[in-house]
There are 4 protein chains.
Amino acid sequence: MQNKAIFIACRKDSIKALKLARNIFDFLKSKNQLVYLEHKIAPIISEESGKDLKTINTENTKFIISIGGDGTLLNIINKLCQIKSPPILGVNFGSVGFLEESNIKSIYKDLMNILNENYFIEKHSKISAFLVKNRFEEYKLGNALNEILIISSKFSKVLHLTIKINGVFFSHCFLDGVIITTSTGSTAYNLSAGGAIISPDLDAIELTPLNNFARNGLKPIVLPINTEIEIENLRPTLNATIIIDGQRTIKNINPKAIIKIRKANCYTEFIRVSNSIQKNYINRLREKIIGSFKIPLNNPSIS
Amino acid sequence: MQNKAIFIACRKDSIKALKLARNIFDFLKSKNQLVYLEHKIAPIISEESGKDLKTINTENTKFIISIGGDGTLLNIINKLCQIKSPPILGVNFGSVGFLEESNIKSIYKDLMNILNENYFIEKHSKISAFLVKNRFEEYKLGNALNEILIISSKFSKVLHLTIKINGVFFSHCFLDGVIITTSTGSTAYNLSAGGAIISPDLDAIELTPLNNFARNGLKPIVLPINTEIEIENLRPTLNATIIIDGQRTIKNINPKAIIKIRKANCYTEFIRVSNSIQKNYINRLREKIIGSFKIPLNNPSIS
Amino acid sequence: MQNKAIFIACRKDSIKALKLARNIFDFLKSKNQLVYLEHKIAPIISEESGKDLKTINTENTKFIISIGGDGTLLNIINKLCQIKSPPILGVNFGSVGFLEESNIKSIYKDLMNILNENYFIEKHSKISAFLVKNRFEEYKLGNALNEILIISSKFSKVLHLTIKINGVFFSHCFLDGVIITTSTGSTAYNLSAGGAIISPDLDAIELTPLNNFARNGLKPIVLPINTEIEIENLRPTLNATIIIDGQRTIKNINPKAIIKIRKANCYTEFIRVSNSIQKNYINRLREKIIGSFKIPLNNPSIS
Amino acid sequence: MQNKAIFIACRKDSIKALKLARNIFDFLKSKNQLVYLEHKIAPIISEESGKDLKTINTENTKFIISIGGDGTLLNIINKLCQIKSPPILGVNFGSVGFLEESNIKSIYKDLMNILNENYFIEKHSKISAFLVKNRFEEYKLGNALNEILIISSKFSKVLHLTIKINGVFFSHCFLDGVIITTSTGSTAYNLSAGGAIISPDLDAIELTPLNNFARNGLKPIVLPINTEIEIENLRPTLNATIIIDGQRTIKNINPKAIIKIRKANCYTEFIRVSNSIQKNYINRLREKIIGSFKIPLNNPSIS
């Protein structure tokens with residue numbers, strides 16, 4: 001992959017992150033790499049290296065470096081072309097940083113490994129949301145790496161939804177909304193809402209209710225990735241809102257509108273440099289999400 | 001309470017509810033009662049009987065009849081003067097109608113009981129929200145019968161809050177928001193969010209987290225009604241929104257803002273005609289909220 | 001499958017179920033089928049047709065009819081030889097009967113379909129539990145179709161466990177116990193404990209905590225079926241108990257004992273006569289587990 | 001309270017705890033106090049000071065020192081005479097130690113405060129369980145400071161219960177069991193089961209379901225302390241077990257048996273030396289139960 005560039009994107013609200021971006025830029029240049037900087041941050045580091053994220057694809061770019069947290073990463077993924085998007089190396093500079101492989105300490109070692117072709121590609125399925133009009137016309141709303149959220153447009157008014165799974169009527173429900181998450185997104189909002197974690201080596205989606213009425217009825221359900229979920233907004237006077245990966249908001253989904261969600265025709269690829277992808281995943285899960293046991297184990301009984 | 005009026009309010013989006021309002025109006029007139037109609041519905045029933053809800057108080061009004069669901073009732077309560085508001089008889093014309101004592105079947109019998117002074121008054125504590133500026137200046141935001149909701153202004157961005165109880169630091173938390181509910185509101189949004197039900201004969205508040213990060217940390221806690229809850233919005237770039245009884249929305253609560261919640265200096269009074277208020281409460285709870293057991297008990301084993 | 005028998009098993013505590021067993025026996029006889037009855041019920045129906053469940057295998061038996069609820073079915077499956085067990089047709093005569101395909105109304109039509117080779121076989125993965133001694137010696141404890149439960153031997157004393165996933169340390173936890181469920185068992189005890197439902201067309205296991213301390217820490221996690229879970233009982237003075245499919249109880253699992261759980265080398269096969277297995281599953285889920293919406297939708301507003 | 005004794009009880013499975021007991025014994029002796037030791041530990045420390053816990057009451061004892069965790073404390077409270085039991089000072093020597101006021105560091109300072117009459121008494125309501133026979137005869141089963149647990153006698157068989165509140169039918173439910181907790185016990189098993197925390201200055205009980213079928217139906221409900229809960233075991237072939245404070249187990253509660261739970265006619269008194277009881281409670285809650293926020297807030301964005 002010799003003539004292709006490496007593309008650097010970075011959150012703009014942190015001077016330290018931008019400093020790291022500059023150092024990575026210089027480091028890669030010193031290794032004779034062609035490096036581009038995201039449009040917005042180029043003026044601070046190297047004006048002439050600026051390039052629009054939308055023009056990046058597998059033909060002109062080896063990989064993308066994302067400096068920031070999961071939000072930065074999801075923002076980049078949502079702006080990228082969907083079909084031919086290059087693999088991404090996340091460098092954690094956020095508060096949780098669950099998706100990021102690298103961090104400020106390991107980044108130069110990790111980059112050397114990548115330049116020496118010593119890395120893995122981890123492929124993540126995505127899901128697409130469609131709006132159905134006149135029963136048969138589908139309008140694509142976007143792709144999600146993490147989750148698609150369908151919620152009430154008014155916070156304190158519950159939605160009334162009908163949910164079908166592969167065309168079969170599954171549930172009527174009164175609730176704040178529903179989350180349809182991928183395995184990748186299962187540790188994010190889905191977990192906070194009461195859904196189960198799904199291991200990334202299981203290609204699946206999960207449908208999780210958000211605060212259903214009196215906590216009865218619909219429960220989280222894990223389904224094969226090729227399942228089609230159909231959601232109809234039944235309440236005659238209440239619009240729904242769709243939020244894709246916490247990045248894109250589609251308002252004014254009318255009553256009687258039908259939303260369909262199914263596997264996207266594209267993937268997101270992450271660069272992994274760990275020896276064991278699975279060990280690395282379980283470690284991140286324990287350290288960043290589940291937490292370890294907090295009871296003060298100053299248990300003096302073993303004396 | 002002879003020279004005082006009876007005031008009728010009604011949801012406007014249901015022809016059947018308005019028809020019932022007209023019938024109740026005629027019925028009360030036939031019993032020689034002075035009857036007023038809420039401003040908005042007067043033109044449909046009796047133009048000259050229209051009166052503004054804001055002018056109603058215990059000096060000019062015996063009681064208020066609310067025709068609709070819990071939303072209609074909360075809307076009326078939020079518009080009423082707060083200190084001298086007359087007792088309310090709810091007539092259920094909504095989907096759940098948990099707070100309403102009467103319904104389309106029992107209303108005329110119930111009204112006769114009330115006119116014959118055969119009823120109870122059930123007093124419900126309310127809570128007030130205040131915004132604290134410059135550490136000591138308090139601005140009252142409003143009173144809630146059910147609950148005060150403090151949520152992120154952007155649906156997919158979690159709030160970072162510090163919570164104090166009676167001035168003592170209790171929790172740092174990352175979540176969608178928190179609910180502070182009264183006993184009265186404990187069966188509403190609080191229950192859907194995972195809070196416990198509080199019996200109305202226990203004068204208490206409950207603090208319930210809304211989708212806290214990874215479902216760890218803060219848990220629902222029930223406290224005496226005279227507890228002061230203090231909430232500080234810590235995230236430097238995210239506003240909070242306050243929603244009172246699902247009726248009033250206060251946006252743009254700035255980072256670093258402090259919100260205080262404590263018992264209000266006023267009550268809401270409901271008219272109850274049941275022989276046993278407690279029996280009636282438990283029946284409503286079972287029938288409208290908890291549900292009875294759904295497993296098809298066509299268990300044929302007892303033969 | 002001409003010379004093989006059909007084997008009938010039935011719960012013994014219901015006269016009506018036994019009456020149905022007799023009628024099915026007579027019906028199959030009238031269709032010139034070779035029919036055996038489970039040992040325990042033979043004396044009541046046809047003494048000479050009695051046969052021990054343990055002798056049944058794919059070589060001598062076409063299929064097994066189980067008359068009862070899920071408990072009856074799981075009891076049969078746990079007693080059967082594990083490798084060459086014939087497919088099973090469940091006839092629901094219990095309170096929930098989630099696993100059963102047939103019922104008292106449809107059974108004769110269903111049997112005709114099966115005799116006419118008009119049916120599907122639904123294959124269900126099972127999981128095995130092993131006790132590890134001296135670090136390397138594994139003793140098999142049994143196979144589960146639904147779930148393996150590891151709980152404290154004293155109800156009110158919490159276990160202290162270490163959990164590894166494929167050899168990687170995942171969690172220290174203080175709790176009543178853990179459930180390792182298959183997709184098949186995910187709607188049973190796992191759901192009551194807060195685990196997610198897993199669609200049966202997704203070959204997976206789920207690890208679900210049972211009442212973890214202060215509801216913090218470990219959360220339900222869904223993993224590929226070929227995952228190995230390792231659990232160590234750390235509390236120095238408290239034994240664990242293992243319960244397999246609610247049928248077999250292994251007590252006195254010593255402190256420091258290690259339990260391993262992984263995919264079994266055998267399957268359970270169910271006979272399905274529905275046109276669509278998936279539609280049938282979602283219908284059973286809605287009708288028997290999730291429930292449909294209970295709010296009295298006598299909403300009169302659409303007038 | 002000059003001529004009365006101080007009574008020391010201690011867990012026996014920890015040499016360090018026993019060493020502390022000896023040091024406290026010597027310390028109190030040096031302050032010219034009359035000191036008794038629990039029967040079981042006397043031989044190790046001072047044989048002639050041994051006394052049976054059952055003989056201790058307010059007439060012969062100033063207060064009791066409990067060295068151990070919450071389990072040790074509950075064990076003592078359950079063995080004490082119920083009506084005239086002296087106040088207790090807990091010295092934490094367990095893993096959580098939520099109820100204990102003192103610890104190995106503060107104990108001598110705390111004892112000096114107590115000897116100088118510089119302390120508060122915190123009074124905790126208890127609840128009693130009764131077995132009803134022949135509809136009217138009540139047999140007392142015991143008192144609980146924390147909680148009364150009614151569970152299935154077979155772990156994997158769900159109970160079928162009918163629950164009444166003050167004589168009014170409230171719920172039919174299928175579940176592992178129910179917890180009836182006091183405010184004091186609300187942070188213990190009740191919290192792990194999904195119940196809300198109740199502040200100790202609110203005199204209340206909470207009824208919390210334990211793993212109800214499909215997580216539907218019955219939800220935690222907080223009620224005034226003077227509420228009577230009545231539970232009937234409906235399943236014709238399954239006994240229930242009652243566990244009081246995790247200390248006393250009553251097996252073989254027959255089907256059709258009725259259990260009643262109501263406020264006990266006695267209290268447990270704890271000695272508190274903190275300046276602010278409430279501040280101390282909220283601190284213990286945050287440090288020992290709720291936990292503080294675990295996300296690694298090495299958020300580098302504030303640069």
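To find a chain, count down the sequence lines: A is the first, B the second, and so on, and within it residues start at 1.
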Legend entry - Heavy-atom contact with chain A under 4.5 Å, split by part of I289(B): both
Inset, instruction - Take atom NZ of K164(A) as the centre, draw a 6.0 Å sphere, and report whether it contains more than 12 heavy atoms from other residues, nucleotides or ligands. - result: no
Legend entry - Spatial distance of atom CG (N190(B)) from atom CZ (R215(A)) [nearest 0.5 Å]: 10.0 Å
Inset, instruction - Only counting residues at least two apart or in another chain, list the ones meeting side-chain hydrogen bond (donor to acceptor under 3.5 Å, both in side chains) with D201(B). - result: S199(B)
Inset, instruction - Starting at CG of D176(B), measure out to CG of N211(A) and round the result to the nearest 0.5 Å. - result: 8.0 Å
Inset, instruction - Could you please spell out the steps behind the side-chain contact (heavy atoms from CB on, under 4.5 Å) verdict for V96(B) and F213(A)? - result: CA-CA 11 Å; V96(B) 181; F213(A) 179 79; 3.9 Å; yes
Legend entry - Distance (rounded to the nearest 0.5 Å) between L175(A) CG and S192(B) OG: 9.0 Å
Inset, instruction - Tell me, yes or no, whether the heavy-atom count around K140(A) atom NZ, taken from other residues, nucleotides or ligands under 6.0 Å, exceeds 12. - result: yes
Inset, instruction - Supply the atom-to-atom distance L210(B) CG to L210(A) CG, rounded to the nearest 0.5 angstrom. - result: 7.5 Å
Inset, instruction - Please indicate whether K12(B) has more than 12 foreign heavy atoms, meaning atoms of other residues, nucleotides or ligands, lying under 6.0 Å from its NZ. - result: no
Inset, instruction - To the nearest 0.5 Å, tell me how far L191(B) CG sits from N216(A) CG. - result: 8.0 Å
